[in-house]
Amino acid sequence: MLIDVPDTALTTFRAMWAELDRIGVHPTGTRRYSWTAEDAALRRWFTAQASARGMEVHTDANGNIRAWWGGRPADGDAGVVTGSHLDSVADGGKWDGPLGVLLGFLAVDALAAAEARGEFVRARPVGVVDYMDEEGTRFGVACLGSKLMSGVLDPEKARALTDADGVSLTEAMRAAGADPDRIGRDDAEITRSGAQVEVHIEQGKQLVGLEAPVGVASAIWPHGRWSFTFDGVADHAGTARLVDRKDAALPFASTVLAARAVAEELDARATFGRFHVEPGGPNVVPARVVALLDARAATDEVLVEMVDRIASAAREAGEGHGVEVTVAKISHAPVVEFDEELRDLHGKLAAEAGEYLPEVPTQAGHDSGILAPVMPTSMLFVRSPHGISHSPLEDAADDDVIAGLRALTRSLAALAGDD
Ligand code: HGY
Ligand code: MN
Ligand code: MN
């Protein structure tokens, strides 16, 4: 039987949204970073939502927080998980992450209502998850919680990561009352999660073009972050002759343009979205530029070629200006193909409901992509009318949100139900 969502879903969604809006929302965008006061407020909000539904809350060793409907599975048992993340990029939108968490709770409401009507029998617990630091805004590495949980990030390296103020992950976790010594691969939590269906706002306009309110993710492009450091010499902005300068900003500027040209040629993506100049005086020739490259491509081969070419361009420009260039990999996520059985399930259930549910790839990274090698995961995308993301302009229409909730609810019913 097809389980529909309660008529009150949109009202509940708006009420939950209004509460979330009180946390970390500024006139210039949303600022929710890991292990901060906002993060603690988000965890309290999450816990209150879970308690209102009689769900058991548990925070794992890596700071990922889950609310279990039907009780947290015992060690060795498996449930089904949905959810996403509540952190944001710097001055981001409100939808990237929170949509998946909210719809997770609303899907539990729909399943509980169906259970009360005798239309659904739960065979295993359903977990709603909020992953720790998906965006990597504070410590530079995206998907920190899922990378630690799946073992692709070395705990020692993670503990040593620092934010812009020099605060390490270790210090930040301790200050928030968490224990950094326990972070790392968590096989018990992987088993307990069972399988994961994450709903996310689409970050692009594929679904607009396809005239579909909801889509299924097929694959994620390989992507990663690299640091580029340009070391020159500080000097007087007035008295130093141009010919004598070792200005670190000059090869950096050339590298930004080179990255754009190479990305265009390879039909890939390259972005220097964060950089700083030292010492940063308006009348001082830049001594150092530290910049982060976010690079993404359809295949790993193209990604490697692109980063190599950008690094070569940086070194060549550095030589031309007497500036030393150092390039280091910060993180890398290989190509992800989401679980075929889950994708087929979403397609079958949509066909039964008479709905169009196209499959689309994405260039955006997600915790579900990081976890795909260690457990079955899939993603449902909700149409984004302008396609803009990582910006306060992120948006979704009410009808599309409800269509996403319907697709999630029927998938969870199939995965957690007694059939
Ligand atoms: O950066 C990303 O791709 C994602 O939105 N975290
Ligand atoms: Mn994002
Ligand atoms: Mn996201």
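Whatever order the structure lists ligands and atoms in, that order sets their numbers, starting from 1. Every heavy atom of this structure was used, including side-chain atoms; hydrogens, water molecules and symmetry mates were not.
- Here Arg44 does not pair with Glu19 in a salt bridge; the nearest charged N to carboxylate O distance is not below 4.0 Å.
- Taking only non-hydrogen atoms, the option from His223, Arg296, Arg269, His200 nearest to atom 2 (C) of ligand 1 is Arg296.
- At the top of the distance list for atom 4 (C) of ligand 1, counting protein heavy atoms only, stands Gly365 O, 3.2 Å.
- For the pair OD1 of Asp96 and NE2 of His200, the angle whose vertex sits at the Mn ion (ligand 3) is 80° to 10 degrees.
- His85 and Asp96 form a side-chain donor-acceptor contact under 3.5 Å, judged by distance and modelled atom types alone.
- In the model, Asp294 has no side-chain atom that pairs as donor or acceptor with a side-chain atom of Thr271 under 3.5 Å.
- Less than 4.0 angstrom separates some heavy atom of Gln203 from each of these atoms of ligand 1: 5 (O).
- Looking only at distances, a side-chain donor or acceptor of Thr36 sits under 3.5 Å from a matching main-chain atom of Tyr33.
- A salt bridge does not link Glu38 with Arg31: every distance from a Lys NZ or Arg NE/NH1/NH2 to an Asp or Glu carboxylate oxygen is 4.0 Å or more.
- Within the coordination shell of the Mn ion (ligand 3), defined by N, O or S atoms under 2.8 Å, Glu134 is absent.
- Listed by number with element, the atoms of ligand 1 under 4.0 Å from a non-hydrogen atom of Glu134 are 4 (C), 6 (N).
- Distances from the Mn ion (ligand 3) show that His366 has no N/O/S atom below 2.8 Å.
- Within the 3.5 Å criterion, the main-chain N or O of Val197 finds a donor-acceptor partner in the side chain of Thr82.
- Its N, O or S atom nearest to the Mn ion (ligand 2) is what matters here, and for Glu135 that atom is OE2.
- A salt bridge is absent between Asp133 and Arg138; no separation between the charged side-chain nitrogens and carboxylate oxygens falls under 4.0 Å.
- Near Ala364, the atoms of ligand 1 lying under 4.0 angstrom from a non-hydrogen atom of the residue are 3 (O).
- Contact annotation: His390 has at least one heavy atom less than 4.0 Å from an atom of ligand 1.
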